[in-house]
Amino acid sequence: MPSAEPPGRPPDTIAAVATPPGRGAVGIVRVSGPLAPAIARRVLRRLPQPRVATLMTARDEQGEALDRGLALYFPAPHSYTGEHGFEFQGHGGPVVLQSVLAACVNAGARLAEPGEFTRRAFLNGRIDLAQAEAVADLIDAATQEAARLAVRSMCGEFSAAINALVAQLVELRALTEAMLDFPEEEVDSLHRDDAAARLAGVRAALQDVLSRSRQGSLLRTGIHVVLAGRPNVGKSSLLNRLMGEDRAIVTPVPGTTRDALRESIQIEGVPLVIVDTAGLRVPSDPVERLGIERTQIELAQADLVIAVFEAGEPHASLEALPEGVTRVEVYNKVDLAPGFVPPAGALAVSAMTGAGMDALKGRILAEAGWRAAGESVFLARERHLRALQQAATHLQAAADELRRWELFAEELRLAQAALAGITGEVTADDLLGEIFGRFCIGK
Ligand SMILES: Nc1nc2c(ncn2[C@@H]2O[C@H](COP(=O)(O)OP(=O)(O)OP(=O)(O)O)[C@@H](O)[C@H]2O)c(=O)[nH]1
Ligand SMILES: [Mg+2]
């Protein structure tokens, strides 16, 4: 476990207002550290019974009452941070809360930095790093689905999956260390097959965690979808249909949309940014030319392009679409072309009647990598995906070294180290600074 402070020096005691700034029914001042009981005795005049909500008056040094509210004392190690701590739940006004905070500082606390309480919880082993990140993810969650997954990671589900992988690797490493002591010719094929089978098992389990993490990360980053096509095919009408309201201007005049218009929606809880663009053709005036340039910029950033065509019209090719970007071909206005059958892989829709829209939504999610709901996915961060990918690369390398046991063992060790970084068993200080610096103060 990494240590919180330079060795030998006890940590100082921190204090912060834990509720958001502004007026509210209740405001909370939080204190954590070795001096917390002494500070409570000074500010509240006595220490409340552990874990019993007690109505008390907070006072300044002159004994003047600052506020009356509920005090809670959590002796170490049974607190959020693992240290002695107390909370004062008073009235949620900025002035009153600052005065209670000031009284705590006068009594020996210092102001906490963003995320410092959670950082201490991590450093004291109350939670691991992935759980600490999930605390921030829960507070920042923009959709219900993201919040649900963040709670699960906070409770340790993601960490448990990582720890299970690490445990499998530890076992395999122990087996390998034993083989290292024998000359190659004495390692019989039975042992080699055993190692190969176990390695295959870990790799499959890792791939499973990786794919669930990739899926979950979509919930964090969202999917960037761009509608593109020739003028007048109904791109703006499709945007309005997907939004369920009239956001974009629709007219029968080709070249209506000039500027890229972006809107946020959710499909099955997955956040999407949908961009409506100017129709692609040889521009007829400078404004349209600028609009089409913007379309190109949007296309270059797209996770997914919806290439829109008109049902029944001769198939116009869209050379303008960048190579390699995932695309879904959609034939709009099927209401005007009865009996129209779209080419294989394409969808037929009508922005006017709504026909085919559910299939389109399902397709957008599927192309972006989202699988059926209900499967448990992890709200992974970019950092987690990188570590998992790194571990996978080392295990691949190990699979290529099934005769050179030293190299095999080394790759296993590296894979394990990559995974351990996720839960923070080994962590650099600057990484901690980056993670916890983004928290709110008081958390
Ligand atoms: N019948 C029918 N008409 C549609 C449908 N979708 C769009 N339209 C009509 O087609 C015309 C063009 O629609 P828009 O949504 O403005 O097309 P656009 O692709 O955004 O066009 P630009 O912005 O000019 O590139 C409008 O008159 C729409 O009412 C559809 O599904 N069926
Ligand atoms: Mg338009």
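Counting starts at 1 for both ligands and their atoms, following the listed order. Computation of the quantities below employed the complete heavy-atom set of this structure, encompassing side-chain atoms and omitting hydrogens, waters and symmetry-equivalent molecules.
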Enumerate, atom names and distances included, each donor-acceptor pair closer than 3.5 Å involving a side-chain atom of residues 13-27, sequence neighbours excluded.
residue	atom	partner	partner atom	Å
T13	OG1	L35	N	2.9
T19	OG1	I28	N	3.0

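- Between H384 and F158, the distance from one ring center to the other falls under 6.0 angstrom.
- A salt bridge links R258 with D285; the closest basic N to acidic carboxylate O contact falls under 4.0 Å.
- No side-chain heavy atom of R126 sits less than 4.5 Å from a side-chain heavy atom of T81.
- Residues D60 and V43 form no side-chain contact, since every pair of their non-hydrogen atoms from C-beta on lies 4.5 Å or further apart.
- Near ligand 1, residues P231, N232, V233, G234, K235, S236, S237, V250, T251, P252, V253, P254, G255, T256, T257, G279, N332, K333, D335, L336, S350, A351, M352 come within 4.0 angstrom through at least one heavy atom.
- Residues R262 and E298 are paired through a salt bridge, judged by an N-O separation under 4.0 Å between the basic side chain and the carboxylate.
- Residue contacts to the Mg ion (ligand 2): N232 brings no N, O or S atom closer than 2.8 Å.
- Look at S236 and the Mg ion (ligand 2): an N/O/S atom of the residue is under 2.8 Å from the metal.
- Ion pair R110/D12 flagged as a salt bridge, since at least one NZ, NE, NH1 or NH2 atom sits closer than 4.0 Å to an Asp/Glu carboxylate oxygen.
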